[in-house]
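Counting convention: from 1, in listed order, for ligands and their atoms alike.
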Amino acid sequence: MRSARDIARGVAAREFSAESVTREALGVIVRENSRVNAFTQVFHDFAIEQARRVDEDVAAGKPAGPLAGVPIALKDNICLSHGRTTCASRMLENYHSPFDATAARKLINAGAVVVGKTNLDEFAMGSSTEHSIFGPTRNPRDVTRVPGGSSGGSAAAVAAGMVPVAIGSDTGGSIRQPAAFCGLVGVKPTYGRVSRFGLVAYASSLDQIGPLARDCADAALVLDVLCGKDDHDATSADLPPPASLANVDEVLPGLVLGVPTQAWSPANHAGVTTALESSIAAYKKLGAKVIDIDLPLSDYAVAAYYIVAPAEASSNLARFDGVRYGRRAEGAKDLTDMLCKSRREGFGPEVRKRIMLGTHVLSSGYYDAYYTTALKVRRRVKDDFDAAFRAGCHAVLMPTTPGPAFAIGEKIGDALAMYMEDVYTVGVNLAGLPALSIPAGSMGASAAGGACVNLPIGVQLVGRAFDEARLMRIARMLERATDFAPAHAGGA
Ligand code: GLN
C-alpha cells in the first residue's frame with residue numbers, strides 16, 4: 001500500500017484511479033481482516049461509489065482534495081450516515097446515525113474514501129480492544145497480542161497494510177498507545193483543535209479525534225484536514241488548521257527537549273528505557289539540547305484521570321436508556337424495570353463499572369473528596385507541563401507506554417494493571433496538550449510456539465498548546481534520522 005501522500009498525488013495527476021486504489025485496499029482487508037479483526041464493518045459498495053466520485057471529479061477538472069482517493073478507516077465511535085455506529089457496544093449494535101461527524105465530513109470532502117469502521121473497546125473505555133462485542137482485535141505484528149486500545153482496530157488496520165491511514169479518538173491515550181504497540185505514528189491534537197461533533201462522547205473535556213499513520217508526513221496530511229473551527233462544537237478553537245505538512249521536512253534549529261525524571265520509572269520494561277535512550281541520542285546527534293525536567297504531579301495523573309473520565313462518562317452515557325438512544329430490553333414490567341434492564345443488557349462490564357465509579361465520585365457526599373480533588377490535580381498536571389515549556393522546552397520527550405504490546409487476556413482481569421498502561425498518556429489529556437507517539441525501536445519477545453517476534457516500542461512527544469506544526473516537525477526529524485519504524489506490511 002502506497003503512502004497517503006503518494007495516493008493523493010497520483011490520483012490528482014490521473015496516474016492511477018481512486019477506484020483501483022480502493023479495490024486494492026478492499027482486497028487486503030478481505031485477506032487480512034479474518035486474521036486481525038480490525039473492522040466492525042467494511043463498506044465495499046459504498047467505498048467504490050465514493051472512489052468513482054473522486055475519479056469523476058478529477059476527470060471533470062475539479063480541484064482534487066488533499067486526500068483524493070485515499071482509503072481511510074474510521075473508529076466506530078465516529079458517526080457516519082452510512083452503515084452503523086456501534087461503539088462496539090450491544091447498546092448501539094443497530095444504531096444508524098442520521099448524520100456524519102464533522103471529522104468524517106471533512107475527510108470525505110477532502111477526497112478520502114471511507115472503507116469501513118474499526119473495532120474499539122466499548123465506548124472507547126479500555127487499553128486493549130478486548131472489551132468489544134465483536135471480539136478482540138489482534139496485533140498484526142503478533143496475533144497473540146493486543147493492538148492496544150481503544151483505537152486498536154484503526155491501528156491494526158494501518159499496521160496490516162489495509163489502509164494507509166485511519167482515524168481514532170484519544171481520551172487518555174487511545175490513539176498514542178495503539179500507535180506505539182503497532183509501530184505507527186499516532187497524533188492526539190490539542191483539545192479544541194478537531195471538532196468533536198459526531199464523536200460519541202466518552203469524557204467530553206478530554207476527547208479528541210486524530211490520525212494514525214505509518215509516518216509523520218501522512219499523519220500531518222490527515223491532521224491538517226481534520227482541524228478547524230466548527231459551529232457544531234463550541235469547544236473547537238477558532239484558529240486556522242496548523243498547516244503541519246508544509247514544513248514537516250524542515251529540521252528545527254535550536255531544538256530543546258525536556259525529559260522528565262518520571263520517564264525513567266523502574267516499572268518500565270527494559271526495551272522502553274532503551275528506546276528512550278536511543279531517541280535522546282538521535283536528537284542530540286541532530287543538534288538538539290536535551291534537558292532534565294520534573295513533572296511531579298504526573299504520579300497522580302492516573303488517579304485523577306480515573307475520576308474525571310468516569311465522572312464525565314456517567315453523565316454522557318445517561319442518554320443510552322432504550323428511549324432516547326440505544327437498545328430497549330424486552331419484557332420489562334414498568335418504566336424503571338425497562339431502564340434498568342436496557343442498561344444492564346446493553347453495556348458490558350467495563351462500561352458498567354465506569355458508570356458506577358463516575359456516579360459515585362459525583363454523588364453529594366463524595367464530590368469534594370474525589371471530583372474536586374481530581375480537578376485540582378488536573379490543574380497542577382497542566383502547570384507542570386507549562387513550567388517545562390516556560391523553561392524553554394519546545395516539547396517533552398517520554399515513553400508512550402511502560403511496555404510493549406501484551407498478550408491477549410493478560411491484563412483483562414487486572415484493572416489496575418490495565419489502567420497503569422495509561423501512566424504516560426493521561427496527563428496530556430488532563431492538560432489538553434497535543435502529543436504523538438512515534439516508533440522508537442523494537443524489542444525481541446517470544447511468540448506462541450516459541451518463535452521470536454519483534455515488538456515495536458514508541459516514544460511520546462508532547463507539545464505546547466496548538467503547536468502541532470512544530471511537534472510534527474520534531475517527530476519527523478527523528479523519523480528521518482533513524483530507522484526505528486518497523487518495515488510495514490505492503491511496503492512503506
Ligand atoms: N485507556 C484509557 C481508558 O480506558 C483511555 C481510553 C481512551 O483514550 N479512549 O479510559
- [ ] Decide whether the shortest distance between a heavy atom of Ala309 and an atom of ligand 1 is less than 4.0 Å.
- [x] no
TODO: Could you tell me whether the side chains of Ser81 and Asp100 share a donor-acceptor contact shorter than 3.5 Å?
DONE: yes
- [ ] Could you check whether the rings of Phe385 and Phe389 sit parallel, tilted or perpendicular, using 30° and 60° as the cut-offs?
- [x] parallel
- [ ] Verify the neighbour count for atom NZ of Lys376: are there more than 12 heavy atoms of other residues, nucleotides or ligands below 6.0 Å?
- [x] no
- [ ] Looking only at distances, please establish whether an N/O atom of ligand 1 is found under 3.5 Å from an N/O atom of Gly173.
- [x] yes
Task: Close-contact set for ligand 1 against Ser150 heavy atoms, below 4.0 Å - done: 9 (N)
Task: Sub-4.0 Å atoms of ligand 1 with respect to non-hydrogen atoms of Tyr202 - done: 3 (C), 9 (N), 10 (O)
Open item on the list: Under a 4.0 angstrom heavy-atom cut-off, which atoms of ligand 1 come close to Tyr306?
Closed with: 1 (N), 2 (C), 3 (C), 4 (O), 10 (O)
- [ ] Please find out if less than 6.0 Å separates the ring center of Phe320 from that of Phe123.
- [x] yes
Open item on the list: Arg354 versus ligand 1: do any nitrogen or oxygen atoms come within less than 3.5 Å of each other?
Closed with: yes
Task: Interfacing atoms of ligand 1 (cut-off 4.0 Å, heavy-atom, Ala124) - done: 6 (C), 7 (C), 9 (N)
- [ ] Taking only heavy atoms of Gly172 into account, list the atoms of ligand 1 that are under 4.0 Å away from them.
- [x] 5 (C), 7 (C), 8 (O)
Task: Within-cut-off N or O pair, Ser174 and ligand 1, under 3.5 Å - done: yes
Task: For atom 5 (C) of ligand 1, closest protein heavy-atom neighbour - done: Tyr305 OH, 3.3 Å
- [ ] Check whether any heavy atom of Tyr419 sits under 4.0 Å from an atom of ligand 1.
- [x] no
Open item on the list: Does Tyr419, at its OH atom, have more than 12 non-hydrogen atoms belonging to other residues, nucleotides or ligands within less than 6.0 Å?
Closed with: yes
Open item on the list: I need the contact type for Asp422 against ligand 1. Using non-hydrogen atoms and a strict under-4.0 Å cut-off, is it side chain, backbone, both or neither?
Closed with: side chain
Task: Validation row, ring centre Phe197 to ring centre Phe99 under 6.0 Å - done: yes
TODO: Consider every N or O of Asp170 and every N or O of ligand 1, then say whether any pair is closer than 3.5 Å.
DONE: no
TODO: Any atoms of ligand 1 less than 4.0 Å from a non-hydrogen atom of Ser127? List them with their elements.
DONE: 1 (N)
TODO: Evaluate whether atom CG of Asp231 has more than 12 neighbouring non-hydrogen atoms of other residues, nucleotides or ligands under 6.0 angstrom away.
DONE: no
Open item on the list: So Lys117 and Phe39, do their side chains get closer than 4.5 Å, heavy atoms only?
Closed with: no
Open item on the list: I'd like to know whether CZ of Phe46 has more than 12 heavy-atom contacts from other residues, nucleotides or ligands below 6.0 angstrom.
Closed with: yes
Open item on the list: Using heavy atoms and a 4.0 Å limit, tell me yes or no: is Glu421 in contact with ligand 1?
Closed with: no
Open item on the list: Check for me whether the distance between the ring centres of Phe406 and Phe181 falls short of 6.0 Å.
Closed with: yes
Open item on the list: Below 3.5 Å, N or O to N or O, backbone or side chain included: is there any such pair between Gly149 and ligand 1?
Closed with: no
